[in-house]
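One structure is given here, and the rest of the page talks about it.
We use all heavy atoms of the structure for the numbers below, so side chains are in, but hydrogens, waters and symmetry mates are not.
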Amino acid sequence: MAKINIDLEKFISLLKQLDSEIDKNFNNDFKLEIKAIGGFAMIYHANEHNIKWREISSDIDNLSIMSEDINKIIKEIGRNNFVEEDWLNNDWIIAKRGNEEFEYFADWKLIKDYNFKHILLYILDVETLFFFKMRAIDEKINIAKEEPRQQDIKDILIIMKIFNENDICNIKNYKMSSCIEYFPNAKNYIKNIL
């Protein structure tokens, strides 16, 4: 079954509902840290740069650990809103056994636009998202021997547009260029479609 796609406005509504439920069920000092990567982070950055190529995702991938109590609330909110029960999840960091090597390079932006009382929403910086997406494309080609996901390719192109980059072989942004040599299959794939 296809995942349900959600736009930024709906994600914020879901997060506000989560914030409200935390307010009802936890003490006043409780804070839920969300370190958003993946599609949600891409939507946020694309919106911030007024790029209309990335407006939906199926979930918020979170690099912070969440308790079972929080996961129950997330599932209930998902059911009540007819979206995936795991619309907010930390599956990626669990799969990585708590060790996402690219987190070392990450810069996190605390988002204060939405006035959450209990949620600290951090968005991964665009350059580190570039690392994630290049790795995803490279692994699909090199390890899985499959075509890369079109969304990952599209996200690379969005990131390049944000930084006014036109040539994957000559990235001017230092942080982004530092990862190119590690993902030769991704570089060659992107080069051939540009």
Taking E33 for its side chain and I119 for its backbone only, find out whether a donor-acceptor pair lies under 3.5 Å.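 The answer is no, because no donor-acceptor pair under 3.5 Å joins these two groups.
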Okay, side chain of D19, backbone of K117: is any donor-acceptor separation there less than 3.5 Å?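 It does hold such a pair.
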If we check side-chain contact (heavy atoms from CB on, under 4.5 Å) with [X], which of these qualifies: [options]?
| X | options | value |
| --- | --- | --- |
| M176 | I159, I156, V126, L129 | I159 |
| F26 | I22, N28, D29 | I22 |
| I77 | L18, L88, V83 | L18 |

Got a salt bridge between [X] and [Y], using NZ or NE/NH1/NH2 to carboxylate O under 4.0 Å?
| X | Y | answer |
| --- | --- | --- |
| E48 | K109 | yes |
| E21 | K24 | yes |
| D155 | K133 | yes |
| K3 | D86 | yes |

For E84 and D59, run side-chain contact (heavy atoms from CB on, under 4.5 Å): C-alpha distance rounded to whole Å, both residues' side-chain angles, the deciding distance at 0.1 Å, then the answer. CA-CA 8 Å; E84 305 298 326; D59 59 11; over 6 Å; no
So, taking the atom named [atom1] in [X] and the one named [atom2] in [Y], what distance separates them when rounded to the nearest 0.5 Å?
| X | Y | atom1 | atom2 | result |
| --- | --- | --- | --- | --- |
| I123 | H45 | CD1 | NE2 | 6.5 Å |
| K31 | N27 | NZ | CG | 10.0 Å |
| R135 | N142 | CZ | CG | 13.5 Å |
| K10 | S57 | NZ | OG | 15.0 Å |
| I93 | S64 | CD1 | OG | 8.5 Å |
| N25 | H118 | CG | NE2 | 10.0 Å |

Hey, are the side chains of [X] and [Y] touching, using non-hydrogen atoms and a 4.5 Å cut-off?
| X | Y | answer |
| --- | --- | --- |
| F116 | L121 | yes |
| I51 | I162 | yes |
| W87 | I74 | yes |
| W108 | E103 | yes |
| D138 | P184 | yes |
| L110 | L120 | yes |
| K52 | N50 | yes |
| E55 | L8 | no |

Same cluster or not: are [X] and [Y] linked, directly or through other Ile, Leu, Val, Met, Phe, Trp or Tyr residues, by side-chain heavy atoms under 4.5 angstrom apart?
| X | Y | result |
| --- | --- | --- |
| F40 | L32 | yes |
| L15 | Y44 | yes |
| I56 | I158 | no |
| M134 | F163 | yes |
| I94 | I70 | no |

So, for [X] and [Y], which heavy atoms are closest and what is the spacing to 0.1 Å?
| X | Y | value |
| --- | --- | --- |
| K187 | I180 | CD-CG2, 3.3 Å |
| P148 | I153 | CG-CD1, 3.9 Å |
| N170 | E165 | O-OE1, 4.0 Å |
| K16 | Y114 | CE-O, 3.6 Å |
| A36 | A41 | O-CB, 3.7 Å |
| I6 | F11 | O-CE1, 3.4 Å |

Take F132 and L124, measure what side-chain contact (heavy atoms from CB on, under 4.5 Å) needs, and give me the verdict at the end. CA-CA 10 Å; F132 274 78; L124 183 64; 3.7 Å; yes
Tested for side chain to side chain donor-acceptor pair (under 3.5 Å) against D152, the lone hit among Q150, K154, R149 is R149
If we ignore angles and hydrogens, is there a donor and acceptor under 3.5 Å between the side chains of [X] and [Y]?
| X | Y | result |
| --- | --- | --- |
| N90 | N62 | no |
| K175 | T128 | yes |
| Q17 | N80 | no |
| D23 | S20 | no |

Using 30° and 60° as the class limits, which term best fits the ring planes of F131 and F105: parallel, tilted or perpendicular? tilted
Test log, rule side-chain contact (heavy atoms from CB on, under 4.5 Å), inputs Q151 and M42: CA-CA 10 Å; Q151 190 58 67; M42 283 301 307; over 6 Å; no
Does K161 NZ have over 12 foreign heavy atoms under 6.0 Å away? no
Heavy atoms of other groups near F30 CZ, more than 12 under 6.0 Å: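 Check passes, neighbour count above 12.
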Just do the side-chain contact (heavy atoms from CB on, under 4.5 Å) check on I190 and I137 with the steps written out, would you? CA-CA 9 Å; I190 298 296; I137 293 169; 4.0 Å; yes
Evaluate the criterion side chain to side chain donor-acceptor pair (under 3.5 Å) for residue pair Y189 and E147; output intermediate values, then yes/no. CA-CA 10 Å; Y189 193 94; E147 285 289 312; 2.6 Å; yes
